[in-house]
Every structure is written in structure tokens, then in C-alpha cells.
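Below you'll find the structure, written out as C-alpha cells, and then a few comments.
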Amino acid sequence: MTGYKITTLNEFIIRRQANIPYAKGELSNLLHHIGIAAKVVNKKVNKAGLVDVLGEAGAINVQGETQQKLDVFADMQFTAALRNSSECCGIASEENQEIITFDDELSLDGKYIVCMDPLDGSSNIDVNVSIGTIFSVYRRISPRGEKAQLGDFLQKGNEQIAAGYIIYGSSTMLVYTTGLGVNGFTLDTGIGEFCLSHPNIKTPENGGIYSLNEGNYNKFPDGVKKYIKYCQEKDSETNRPYSARYIGSLVADFHRNLMKGGIFIYPETESAPNGKLRLLYECNPMAFLAEQAGGKATDGDTRIMDLQPETLHQRVPLYTGSKQMVENVEGFLANPNE
Ligand code: AHM
Ligand code: MG
């Protein structure tokens, strides 16, 4: 009997590193540690319902620690993994108002900073619907050996060295890019390894799915309202009407559209002129992945990765997915009255 050939995430990372001259393995090590935290968080997500029951019983676990909400738990795990990697000098997380700097000797010398949303899709956490983790890696601009500074985090998305997400879904996947295409790994829980399952992901140029929170319809810009009507119209040549699909977890909505072809929109509204999603740890990493898969990501006008971040938790509108669909909605936004 011959065994089947599997490529684990670590094997893949190391192979990729060998193709980059002078690479010292620092990024590989960092990604490896992200993979470890993902497995720990996955375990917790899988038994979230049970943990919640225990939590309600006393809110103190057997070690005498307070039960952690999943998002706080995920934040702690990824923070610890990045600290332990010794390659990362600081992080920006949705869970923390300010940047966190790692001040031990090895981390101070770390070359990278990471922006992350440790557990995205808050409204789905308690109801067993897919959630995710999003991460984005930059080379620091402050000198190595010193504390990371805010400026290290306020770099344009164009400067990303790597980005990816973990989707805790019907199976758990880690999808990432280092600028050489997008690759997806499925967690084989039997052997506890992420295994290459979706090499070189390319998203269809056009798709048949539109994803946005239509409950906010009345607040949407006219161009988006018109585009929604366009999606719903019958037209056999362009395969309309499109299907409406919206989970409310960016990672899950993005992942589905990436695989099948579609568009995800979180637009600006009157009450939220910059939309809801955060540039540093939601929009930029997704934009990097979208482009690397052949898709697009804009704020309705400007490429997401060209935007200059001003603040850590800055929000921007997001239009991302299949290239032709993003260009189409941009046309509606530019000429809403046509
Ligand atoms: P979160 O980071 O607090 O989870 O919020 C981000 C989430 C995204 O996953 C999702 O795309 C969006 O918020 C859903 O928002 P809404 O409920 O307004 O449609
Ligand atoms: Mg989020």
C-alpha cells in the first residue's frame, strides 16, 4: 500500500523560503508560529458550546482562571505565539486600543510587525457559524533592536510581506500569500497539521454572488443601491439574477467568494462614512489576497493597498472580489444617476 502524498504548511513554507535568495527563515518561523496559534484556537472554537456551558456554571476554570471569551482567548494565543516566535517586535490587534510592543531582547531585534483581527465575525461566535482570524505582516521601518513604533504599523498595504486568514468553518483552513500567489491549507485534525489542499488559488474573473448587509439598504450610497438592483435583474447573458449570500463573517464571506467568484461589499453609509471594516487588519490583508488571486479590492474608487493609513483602527469602505464585478460596481458608484 502506498501512502498518499501530503505537503504540510511548514514543509511548504520552508520550500518557498528556499526559492528566495538570502532568506534567513525569519518569515517562515513567524508563519509557523501563526499556524501553531491557529491550531490552539481551532481546538477551543470546536468546543465553544461546551466551554460556554462550563463558563456559566462558575466562570472560573479548574486552574482557578476566569473563563475567557473566545475573542480574548484568540487574542492571547496569537499574541503569545508571535511573542514566542522572536521574529516579531510588535502587534496591532482589534482587541487592543494601542500597539503592543515586545520588549525582550530577541523580539526587539525582530524584523516584523503583525496586524491582526484575532477573531473576526463577533456576531457569529456564540451561534456556531464560521468565524476567522486575519493577519498581515510588515517589515518594520524603525531600527532593529529598538521598540516598535506606531509608524511601523501605519504603512500602506502595498508594503505587506505576507497576509492571510484562518477560517474556522465546517473544516478549518489557513489561506495565505507572501506575494507569490495564494495557497490554502486544510487542517487534518487526525494528524494535527495544516495540509496543502488548495494550491495556487485563482478567483474567477466574474461571479454570480453578491454579499452585503442588505438590511442597511436605505443608508447605502445611490451607486450601491443601483448595483443591488442590477444584481437582482434577470439577464440570461450575464447570468443574472446573482445569488445573495451574506454570513456576516468577513473571512467566511470572502473565502466563499474567492473560491466561487463573487463580490463582497461593506460600503460607506450616511451614519458611517468610512464603512465598518478596519483598514489595517481586515481590508489590507484581504486586498493582498484578492489581488494575488487575480481579483480586486478598492474603497469604491482607490485601490485599498494604496491608501495611506492615518490611525491604527481606521475604517474604510470595502469592495472586493472578482475583478469584473468590482469594476462594474465602481462604474455604478461613479455614475449613480445613469
Ligand atoms: P468584528 O471584527 O467585530 O467581528 O466585525 C467585523 C465583521 C465582519 O466579519 C463582517 O463582515 C461585518 O463585521 C459584519 O457587519 P454587519 O453585522 O454590520 O453586517
Ligand atoms: Mg473583525
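Computation of the quantities below employed the complete heavy-atom set of this structure, encompassing side-chain atoms and omitting hydrogens, waters and symmetry-equivalent molecules. Whatever order the structure lists them in is the order used to number ligands and atoms, beginning at 1.
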Checking the N or O distance criterion of under 3.5 Å, is ligand 1 in contact with Tyr246?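 For ligand 1, there is an N or O atom that lies under 3.5 Å from one belonging to Tyr246.
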
Give the atom numbers and elements of ligand 1 that come within less than 4.0 Å of a heavy atom of [X].
X	value
Glu282	2 (O), 6 (C)
Phe264	11 (O)
Glu94	1 (P), 2 (O), 3 (O)
Gly121	4 (O), 9 (O)
Asp117	2 (O)

Between [X] and [Y], do the side chains contain an N or O donor and an N or O acceptor separated by less than 3.5 Å?
X	Y	value
Ser85	Asn29	no
Asp103	Thr101	yes
Asp253	Ser211	no

Of the choices Phe254, Tyr266, Tyr281, which has the non-hydrogen atom that lies closest to atom 18 (O) of ligand 1?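 Shortest heavy-atom distance from atom 18 (O) of ligand 1: Tyr266.
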
How does Leu250 reach ligand 1, by side chain, by backbone, by both or by neither, if only non-hydrogen atoms under 4.0 Å count?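 Leu250 to ligand 1: contacts from backbone and side chain alike.
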
From Lys156, Gln155, Gln160, Arg278, residue fulfilling side-chain contact (heavy atoms from CB on, under 4.5 Å) relative to Asn284: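 Single pass found, and it is Gln160.
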
Is the shortest distance from a heavy atom of Ser249 to ligand 1 less than 4.0 Å?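 True for this residue.
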
Under 4.0 Å between a Lys/Arg side-chain N and an Asp/Glu carboxylate O for Glu291 and Arg303?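 The answer is yes: the pair qualifies as a salt bridge.
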
Common cluster, Ile167/Val129, ILVMFWY with side-chain heavy-atom separation under 4.5 Å: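 Shared cluster, no.
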
Check whether any side-chain heavy atom of Cys231 lies under 4.5 Å from a side-chain heavy atom of Tyr210, and answer yes or no.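 Sidechains of Tyr210 and Cys231: in contact.
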
